[in-house]
A.B. asks: 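Below is one structure. I have some questions about it.
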Amino acid sequence: MSFIDFALIIDSIPKMLVGIGLTFQLLFLSLALGTALAIILLLLRISGRWYLSAPTMVYIYIFRGTPILVQIFIIYYGLPQLEFVRDSIFWPILKEPFGCAIVALSLNTGAYVSEIFRGGVLGVDRGLKEAGAALGLSATHRFIYITSPIAIRLCLPAYSNDVISLMKSTALASTITLLDMMGIARTIVAETYAPYEVFISVMVIYLIITWTIQRSFGWIEKRMSRHVRIEA
Amino acid sequence: MSDSGHTNIIQLENVDKFFGVFQALKNISLSVKKGERIVVCGPSGSGKSTLIRCINRLEEHDGGKIVVNGHELTSAVKDIDAVRREVGMVFQSFNLFPHLTIVKNLMLAPRLVRRSSKSEAHDTAMKYLERVKIPEQADKYPSQLSGGQQQRVAIARALCMNPLIMLFDEPTSALDPEMISEVLDVMTDLAQEGMTMIVVTHEMGFARQVADLVVFMDQGEIVESNPPKEFFDNPKNERTKLFLSQILTH
């Protein structure tokens, strides 16, 4: 008997890959929703009106200051206790574990990403915004055509880190009965009592996904910063 | 100094500006007629940049009155936009949009503000790039150009809006010495074509050659303003004399 049961690894990897679709669904859906939320939070935060920015800061503080696992549990176990939630139009989403996971991951990512975007916006040289103003561009036009494209380039590295972090957080969905890769891994472990082989296998799959995300963002960054490189 | 208001394209009356408790402009009055070329000089921190930045409201003045081309500058966004459409500005640090090619830098404002068509904006952009003698750089990015070329692009970008007035905020201060003249040449051409210009600069040769009026500022005040011959050959104020001796001898 060898120390590691390779046959089990080879046997369980395809089974876990069945869950990769759900992992990707969790990742891409909550990334899209979270990014959209982040843009709204950013605009509220930099609106210059305290009654818009103050609640946004509280929201961001709560979602960045508490473990995402706790947030998932509150949404999945806590909210259904409340009658008005069960009566609301959100119930079809919140009664499903998948919906709860998407809601929790999106709300959490939105808080982080809006701070990343804010860093990007604040990093844009003031002189460029002034140049836009001096040319007669409205505040909206300046934001869309000058601040945003430059800010996006500035915050891309931090954003890619957050995408990786979100991808890893999707594994927590397995705690509320979802059979993503991690959920399947836990099921296999329960059947085979071989946590070592199974969890290492799932780890390798996550690593490959992380590597792919990193490479993709590296490529995007390179493309988007063409203007910075001086060509001969 | 303040005569019949309607012939003056720019009119400043008793303008004050504070940064916190620091008073950057003290009771500034200045009137500029259409086609006049004003050079503003003075030691750093004297308020000269603040003065021209108030004219297109990149800074808000705290007291007095500023009227540009018939629009009084208040917090009314409509008037500010109207003024900025007619007033071009060139900055010390060029401030070209780094993510856009040269020609797109020039096309952005005409497209968005003047609602020009793409081909119209492109033609205007190329016309002004020809005029600052770098049409061949049109498709490059700002970072690929030298400082002098970037500043000429910045001038062309402002001209694309067909402004009535051009403000220059130390346009040659960030340039290597060998690039200063190519920028001053463009500015001199512009002056000879009758553009109304206010130029903050330490280039006294340019002031002597081009200016109708040289304004000397110190500690937020206009200390002396005279035509260049009088200003350089016969300065009245002690502070002007000291400044000129420092800037002309080194």
Side-chain angles (χ1 to χ4, degrees), chain A residues 39 42-43 46-50 52 116-160 217-232, chain B residues 49 52-53 55-59 77-102 104-115 139-146 150 153-154 157-163 165-169 174:
Chain A
I39 294 169
L42 168 75
L43 294 175
I46 62 174
S47 64
R49 299 191 177 95
W50 68 267
L52 297 178
I116 291 172
F117 285 172
R118 196 172 76 97
V121 166
L122 294 180
V124 176
D125 183 0
R126 189 164 145 251
L128 299 176
K129 295 180 228 174
E130 285 184 350
L135 286 164
L137 267 57
S138 67
T140 312
H141 278 156
R142 295 200 294 271
F143 189 78
I144 296 172
Y145 292 95
I146 300 170
T147 307
S148 300
I150 298 170
I152 288 170
R153 285 163 176 80
L154 288 177
C155 59
L156 214 51
Y159 183 70
S160 82
F217 272 98
W219 181 80
I220 295 171
E221 268 173 56
K222 221 170 141 184
R223 265 191 70 86
M224 286 186 100
S225 52
R226 274 175 304 181
H227 63 282
V228 181
R229 294 203 313 272
I230 298 185
E231 286 147 44
Chain B
S49 287
I52 68 165
R53 287 167 58 85
I55 293 171
N56 64 354
R57 211 169 170 84
L58 290 183
E59 306 287 355
V77 176
K78 224 180 112 199
D79 283 318
I80 298 170
D81 285 348
V83 165
R84 284 176 176 168
R85 276 196 295 272
E86 309 306 332
V87 180
M89 188 169 204
V90 175
F91 299 85
Q92 180 177 353
S93 49
F94 327 135
N95 293 347
L96 296 180
F97 307 129
H99 59 297
L100 300 176
T101 59
I102 297 306
K104 285 187 176 154
N105 261 276
L106 271 65
M107 288 165 67
L108 186 68
R111 293 274 284 145
L112 294 175
V113 182
R114 299 264 190 240
R115 306 243 164 246
D139 295 317
K140 291 192 181 168
Y141 285 97
S143 61
Q144 296 169 277
L145 270 58
S146 73
Q150 288 193 49
V153 171
R157 181 176 66 177
L159 292 176
C160 280
M161 287 295 284
N162 210 4
I165 302 160
M166 285 284 283
L167 306 173
F168 293 84
D169 188 2

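Order of the sequence lines sets the chain letters (A, B, ...), proteins ahead of strands, with each chain counted from 1. Keep in mind that the numbers below use all heavy atoms, side chains included, and drop hydrogens, waters and symmetry copies.
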A.B. asks: Applying side chain to side chain donor-acceptor pair (under 3.5 Å), name anything that partners A:T147, two or more places apart in sequence or on another chain.
C.D. replies: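 Residues passing side chain to side chain donor-acceptor pair (under 3.5 Å) with A:T147: none at all.
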
A.B. asks: With sequence neighbours left out, what residues match B:R115 under side chain to side chain donor-acceptor pair (under 3.5 Å)?
C.D. replies: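 With neighbours one apart ignored, the set is empty.
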
A.B. asks: Flag the pair A:L135 / B:C160 as yes when at least one side-chain heavy-atom distance between them is below 4.5 Å, and no otherwise.
C.D. replies: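 A:L135 does not reach B:C160 side chain to side chain.
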
A.B. asks: May I ask you to name which of B:L96, B:L167, B:D81, B:L108 has the most heavy-atom pairs under 4.5 Å with chain A?
C.D. replies: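 Heavy-atom pairs under 4.5 Å are most numerous for B:L108.
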
A.B. asks: Side chain of B:H99, backbone of A:Y145: donor and acceptor closer than 3.5 Å?
C.D. replies: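 Between the backbone of A:Y145 and the side chain of B:H99 there is a qualifying donor-acceptor contact (under 3.5 Å).
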
A.B. asks: Donor-acceptor pairs under 3.5 Å, side chain of residues 83-93 of chain B to any protein atom, not counting sequence neighbours: which ones?
C.D. replies:
from: B:R84; atom 1: NE; to: B:N56; atom 2: O; distance (Å): 3.0
from: B:R84; atom 1: NH2; to: B:R57; atom 2: O; distance (Å): 2.9
from: B:S93; atom 1: OG; to: B:N95; atom 2: OD1; distance (Å): 3.1

A.B. asks: Can you list the residues of residues 149-158 of chain A that sit under 4.5 Å from chain B, counting heavy atoms only?
C.D. replies: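 Listed by number, the contacting residues are A:P149, A:I150, A:R153.
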
